[in-house]
Amino acid sequence: CAFAGAAHGEGALPAAAKCTAAEQRQFDFWIGEWVVTEKGKLAGHSRIERILEGCALLENWSGASGGGGKSLNFYDANDGRWHQTWIDAGGGALFLSGRFAHGAMRLEGERRATNEQPAMRHRITWTRLPDGAVRQLWESSPPDADRWQVMFDGRYAPRPASN
């Protein structure tokens, strides 16, 4: 691995490169333990945590009807964009990138066609709500059109503390 030496201080990034820039904190509103609902029904649970000394966010998703997934989210100062790599328990993957603007994080990407599904564009927007919850709106559209269809419109509410 090209970065293996960096773990031992060889070619490591300078101390100033720690992930503390304002841009690297734009998605911090999503950090937490969440109960996720859609249209008032339980959709699942999610835990979003800061990892790698604050340089990335790890999502741990557990669906209410089974299944799960994880995403790795990070800000790349080289291109000035946020990136997400999502993988679910069925092997489905999604690669998104985008920016934080107007109080929301919006990431977009295209999933290639498979034998089972046509190619689709995806965009997911996370918005912090006034009560501290987070709305996640996932939309998709054919690659050659601008006809966005809602795939998921979820509400992430802080998980109540255990007694």
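Being a predicted model, the structure only gives us computed values, none of them experimental.
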Item to check | Residues forming a salt bridge (Lys or Arg N to Asp or Glu O under 4.0 Å) with Arg25, sequence neighbours excluded | outcome: Asp28
Checklist outcome for this item: Heavy atoms of Gln24 and Tyr75 approach each other most closely as CG-CD2, 3.6 Å
Checklist entry - Could you go step by step and tell me if Trp126 and Leu107 meet the side chain to side chain contact (heavy atoms under 4.5 Å, CB included) rule? => result CA-CA 9 Å; Trp126 293 262; Leu107 305 178; 3.7 Å; yes
Next on the checklist: Looking at every non-hydrogen atom in both residues, tell me the closest pair between Ala157 and Ala133 and how far apart they are.
Outcome noted: CA-CB, 4.3 Å
Item to check | Closest contact, heavy atoms only, Gly69 versus Trp86 | outcome: CA-CH2, 3.4 Å
Checklist entry - How would you list all residue pairs meeting salt bridge (charged side-chain N to carboxylate O under 4.0 Å, His left out) that involve residues 117-131, not counting sequence neighbours? => result Arg121-Asp146, Arg123-Glu139, Asp131-Arg155
Checklist outcome for this item: The complete set of side chain to side chain donor-acceptor pair (under 3.5 Å) pairs with one or both residues in residues 97-106, sequence neighbours excluded, reads Arg81-Ser97, Arg106-Thr125
Enumerate donor-acceptor pairs with a distance under 3.5 Å from any side-chain N or O in residues 56-67 to protein atoms, sequence neighbours excluded.
from: Glu59; atom 1: OE1; to: Ser71; atom 2: OG; distance (Å): 2.6
from: Asn60; atom 1: OD1; to: Lys70; atom 2: NZ; distance (Å): 2.3
from: Asn60; atom 1: ND2; to: Glu49; atom 2: OE2; distance (Å): 3.1

Checklist entry - In terms of ring plane angle, is the pair Phe29 and Phe27 parallel, tilted or perpendicular, where the classes change at 30° and 60°? => result tilted
Item to check | Minimal non-hydrogen separation, Leu94 against Leu96, with atom names | outcome: CG-CD2, 3.8 Å
Checklist entry - What's the spacing between Thr127 OG1 and Tyr156 OH if we round to 0.5 Å? => result 12.0 Å
Checklist entry - Rounded to the nearest 0.5 Å, what separation is found between the CG atom of Leu137 and the CG atom of Asp153? => result 5.0 Å
Checklist entry - Out of curiosity, does Val36 fall in the hydrophobic cluster containing Trp138 (side-chain heavy atoms, cut-off under 4.5 Å, transitive links)? => result yes
Next on the checklist: Are Phe152 and Ile48 connected into the same hydrophobic cluster when the rule is that any two of I, L, V, M, F, W, Y join if their side-chain heavy atoms are below 4.5 Å apart?
Outcome noted: yes
Checklist entry - Transitively linked via ILVMFWY side-chain contacts under 4.5 Å: Val134 with Met151? => result yes
Next on the checklist: Looking at His122, is its backbone amide N or carbonyl O close enough to the side chain of Ser140 to form a donor-acceptor pair, meaning the two atoms are under 3.5 Å apart?
Outcome noted: no
Checklist entry - So which residues get pulled into Met120's cluster when ILVMFWY side chains under 4.5 Å apart are joined, directly or through others? => result none
Checklist entry - So do Cys19 and Glu53 actually touch side chain to side chain, heavy atoms under 4.5 Å? => result no
Next on the checklist: Restricting to salt bridge (Lys or Arg N to Asp or Glu O under 4.0 Å), what partner residues turn up for Arg159, sequence neighbours left out?
Outcome noted: Glu33
Checklist entry - Atom NZ in Lys18, atom CG in Leu52: separation rounded to 0.5 Å? => result 12.0 Å
Checklist entry - Distance from Ile31 atom CD1 to Arg50 atom CZ, nearest 0.5 Å? => result 4.0 Å
Next on the checklist: Quick one, His45 with Val35, criterion side chain to side chain contact (heavy atoms under 4.5 Å, CB included). Give me CA distance, side-chain angles, the key distance, then yes/no.
Outcome noted: CA-CA 5 Å; His45 295 89; Val35 175; 3.9 Å; yes
